[in-house]
There are 4 protein chains.
Amino acid sequence: MAGINKVILVGNLGKDPEVRHLEGGASVAHFTLATNEYYKDKQGNRVERTEWHNIAAWRGLAEMAEKFLKKGQQVYVEGKIRTRQYQDKDNQTRYITEIIADEITMLGGRPNAGNGQNAAATNSTEAEAPQTFRQEPELDQLPF
Amino acid sequence: MAGINKVILVGNLGKDPEVRHLEGGASVAHFTLATNEYYKDKQGNRVERTEWHNIAAWRGLAEMAEKFLKKGQQVYVEGKIRTRQYQDKDNQTRYITEIIADEITMLGGRPNAGNGQNAAATNSTEAEAPQTFRQEPELDQLPF
Amino acid sequence: MAGINKVILVGNLGKDPEVRHLEGGASVAHFTLATNEYYKDKQGNRVERTEWHNIAAWRGLAEMAEKFLKKGQQVYVEGKIRTRQYQDKDNQTRYITEIIADEITMLGGRPNAGNGQNAAATNSTEAEAPQTFRQEPELDQLPF
Amino acid sequence: MAGINKVILVGNLGKDPEVRHLEGGASVAHFTLATNEYYKDKQGNRVERTEWHNIAAWRGLAEMAEKFLKKGQQVYVEGKIRTRQYQDKDNQTRYITEIIADEITMLGGRPNAGNGQNAAATNSTEAEAPQTFRQEPELDQLPF
DNA sequence: TTTT
DNA sequence: TTTT
């Protein structure tokens with residue numbers, strides 16, 4: 001039975017995306033995304049809680065992330081949850097949960113310039129009109 | 001800046017919910033949820049991929065899960081991602097990612113009876129009309 | 001500023017999809033989808049409320065809808081809201097709101113056979129493995 | 001069978017919310033929300049398309065909308081679709097589709113001041129920390 | 001460990 | 001006009 005595995009996030013990048021180019025031609029960008037929530041605790045104090053998400057963007061989305069996304073920027077990310085296992089240095093099985101992005105939309109104003117090495121969206125012509133980027137679905141379904 | 005952290009799943013329970021009653025009166029139900037996806041690989045073979053999610057339902061939702069949900073049942077789960085850390089037996093820091101449920105809706109037909117210890121929804125009067133259960137938001141924001 | 005316009009529905013088809021083939025080669029399927037909710041009124045009586053949605057599925061999704069979807073079937077539909085205007089017979093401007101589907105996933109058990117004219121999913125080989133269908137995004141963005 | 005009827009929007013208010021106080025004590029805020037999308041047409045020209053949504057926020061959310069939301073502001077709105085009918089001046093049955101908001105989160109920077117009559121979030125202490133507002137669910141289920 |  |  002087919003199911004649904006969908007994640008919708010609005011948050012701020014914790015760092016510039018890091019892109020790796022794999023053998024075989026595929027590329028993948030990784031970045032962290034902070035989603036903040038605020039609530040009042042039992043004493044009535046305002047509390048901020050930040051959840052950090054590991055985002056992975058593949059192929060076309062990786063290139064877009066590399067070109068247009070920067071630390072601090074507010075984005076909408078839609079994707080799915082994937083938990084993979086790996087062996088740590090002590091040969092123990094470990095798990096990491098990531099969000100595989102299907103769509104990224106830039107929100108809010110200009111990103112803060114920072115000293116990132118990414119082509120700053122700040123002075124890019126294309127960046128002047130905020131954009132949505134989507135993964136091509138046929139590629140989305142290749143195993144990785 | 002407040003963000004959005006939303007997960008939407010449709011899948012099948014991998015086991016009956018397990019409920020713990022905490023000191024202080026709160027209760028929490030845990031279960032796993034499988035979301036299946038299907039795609040064709042490069043050779044054109046149909047491949048099934050199952051993602052397993054750890055679901056946590058607190059307080060009122062825990063009681064509902066205990067009463068109405070059973071292994072195998074198809075449900076819609078809406079919630080948020082939460083990664084927490086703990087120390088494993090070797091005193092290493094480990095991370096586990098869970099979905100904190102805000103809303104659970106029972107889908108599809110009757111669950112298979114199984115030999116679970118849960119009050120089977122199959123012969124429960126209330127279960128005859130499939131239902132949606134929501135977390136009370138004020139409680140949802142208590143720290144845990 | 002790019003925005004987000006996303007709809008997520010789980011409901012039952014009110015009728016078999018009706019497909020039109022437009023000049024130019026595109027095709028579009030229309031069907032209605034019922035989403036039910038239940039609540040208790042002030043007197044404590046259980047009330048059912050049904051919302052009816054107009055779903056439009058274009059091109060590849062239209063063909064899938066025609067082949068696999070039938071009246072009564074439970075489906076997950078993801079898409080976006082679109083309101084368009086038209087002139088009624090008295091030349092008055094009227095509005096109709098539709099959901100343009102991006103993805104349709106078949107849920108639950110077999111559809112009831114009915115006497116629909118659609119190729120019943122019931123005895124179709126492909127239907128034995130429940131499936132997800134997605135719109136190709138590049139086509140999704142053609143104006144219509 | 002319970003279903004799902006969920007809408008997720010990120011867009012900008014087309015006008016300040018208008019609040020009505022009903023007999024019986026309930027209040028409701030209405031505003032329009034624009035969600036923009038951009039795509040390239042067949043000639044490769046960049047096209048902007050704006051969809052306008054009618055948002056209704058009840059009770060507690062209405063008060064929050066009145067206090068904190070202003071024309072132009074970027075918000076995340078989560079809710080459900082509701083189509084209701086009414087009789088127009090010629091006694092014809094007409095339909096209007098609205099989004100009944102369950103949750104509103106303020107995004108982006110400060111709203112533009114405008115000349116609205118709403119208590120501007122601009123110089124409100126509470127507004128300095130962007131916030132999320134949710135409908136109380138038990139009230140959410142009262143018929144209206 | 002689920003489902004078809 | 002659906003479903004349980």
Side-chain angles (χ1 to χ4, degrees), chain A residues 1-5 83, chain B residues 9-18 30-38 46-55 68-77 105-116 118 121-132, chain C residues 9-18 30-38 46-55 68-77 105-116 118 121-132, chain D residues 1-5 83:
Chain A
M1 174 70 66
I4 303 297
N5 174 358
T83 298
Chain B
L9 304 174
V10 175
N12 298 278
L13 277 83
K15 57 177 184 180
D16 288 355
E18 292 173 358
H30 284 101
F31 58 91
T32 53
L33 191 76
T35 56
N36 301 314
E37 62 177 327
Y38 301 88
R46 196 157 190 280
V47 181
E48 174 177 352
R49 194 183 183 291
T50 299
E51 185 72 32
W52 285 98
H53 309 269
N54 300 305
I55 313 291
F68 294 113
L69 300 186
K70 290 188 58 60
K71 175 179 174 176
Q73 193 166 4
Q74 189 185 34
V75 293
Y76 169 95
V77 173
T105 297
M106 295 186 278
L107 299 176
R110 302 271 66 76
N112 54 6
N115 52 7
N118 291 29
T122 312
N123 48 21
S124 156
T125 302
E126 289 115 313
E128 298 198 347
Q131 291 187 45
T132 297
Chain C
L9 304 173
V10 175
N12 300 91
L13 278 83
K15 57 176 183 178
D16 289 354
E18 293 173 0
H30 284 100
F31 58 90
T32 53
L33 192 76
T35 57
N36 301 314
E37 62 177 329
Y38 301 87
R46 196 157 190 278
V47 182
E48 175 178 350
R49 192 184 184 290
T50 299
E51 185 72 32
W52 286 98
H53 308 269
N54 299 304
I55 312 293
F68 294 113
L69 300 186
K70 289 187 60 56
K71 176 179 174 175
Q73 193 166 3
Q74 189 185 34
V75 293
Y76 168 97
V77 173
T105 296
M106 295 186 278
L107 299 175
R110 301 274 67 75
N112 55 5
N115 51 6
N118 292 27
T122 312
N123 47 22
S124 154
T125 302
E126 288 114 314
E128 298 198 348
Q131 292 187 43
T132 297
Chain D
M1 173 71 65
I4 302 297
N5 174 358
T83 298

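Just so it is clear: chains get the letters A, B, ... in the order the sequence lines come, proteins before strands, and each one is counted from 1.
Between the base of dT2(E) and the side chain of N36(B) there is a donor-acceptor pair shorter than 3.5 Å.
The aromatic ring of W52(B) is not stacked on the base of dT2(E), since the criterion of ring centres less than 5.5 Å apart with planes inclined by under 30° is not met.
Counting only heavy atoms from C-beta on, T50(B) has its side chain closest to dT2(E) among dT2(E), dT3(F), dT1(E). Distance from the side chain of N12(C) is smallest to dT2(F) among dT2(F), dT1(F), dT3(E).
Note: CD (E18(C)) to P (dT1(F)) measures 14 Å, nearest angstrom. Regarding Y76(C), its OH atom lies at a distance of 22 Å from the P atom of dT3(F), rounded to whole Å. Atom P of nucleotide dT2(F) and atom CG of L13(C) are separated by 11 Å, given to the nearest angstrom. Atom P of nucleotide dT2(E) and atom CD of E51(B) are separated by 16 Å, given to the nearest angstrom. One interatomic measurement links the two molecules: OH of Y38(C) to P of dT4(F), which rounds to 9 Å at whole-angstrom precision. Rounded to whole Å, the distance from CD on E37(C) to P on dT2(F) is 19 Å. Rounded to whole angstrom, the span from the CG atom of N5(A) across to the P atom of dT3(E) amounts to 19 Å. Rounded to an integer number of Å, the gap from CE of M1(D) to P of dT4(F) is 6 Å.
Tested against L33(B) for a side-chain contact (heavy atoms from CB on, under 4.5 Å), the candidates N54(B), L9(B), N12(B) yield a single pass: L9(B).
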Residues V10(C), M1(D); criterion side chain to side chain contact (heavy atoms under 4.5 Å, CB included); working and verdict: CA-CA 10 Å; V10(C) 175; M1(D) 173 71 65; over 6 Å; no
Test side chain to side chain contact (heavy atoms under 4.5 Å, CB included) applied to M106(C) and L69(C), step by step: CA-CA 8 Å; M106(C) 295 186 278; L69(C) 300 186; 3.8 Å; yes
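Partners of E48(B) according to the side chain to side chain contact (heavy atoms under 4.5 Å, CB included) rule, which considers only residues two or more places apart in sequence or in another chain, are N36(B), Y38(B), T50(B).
Among the heavy atoms of the strands, none lies under 4.0 Å from T35(C).
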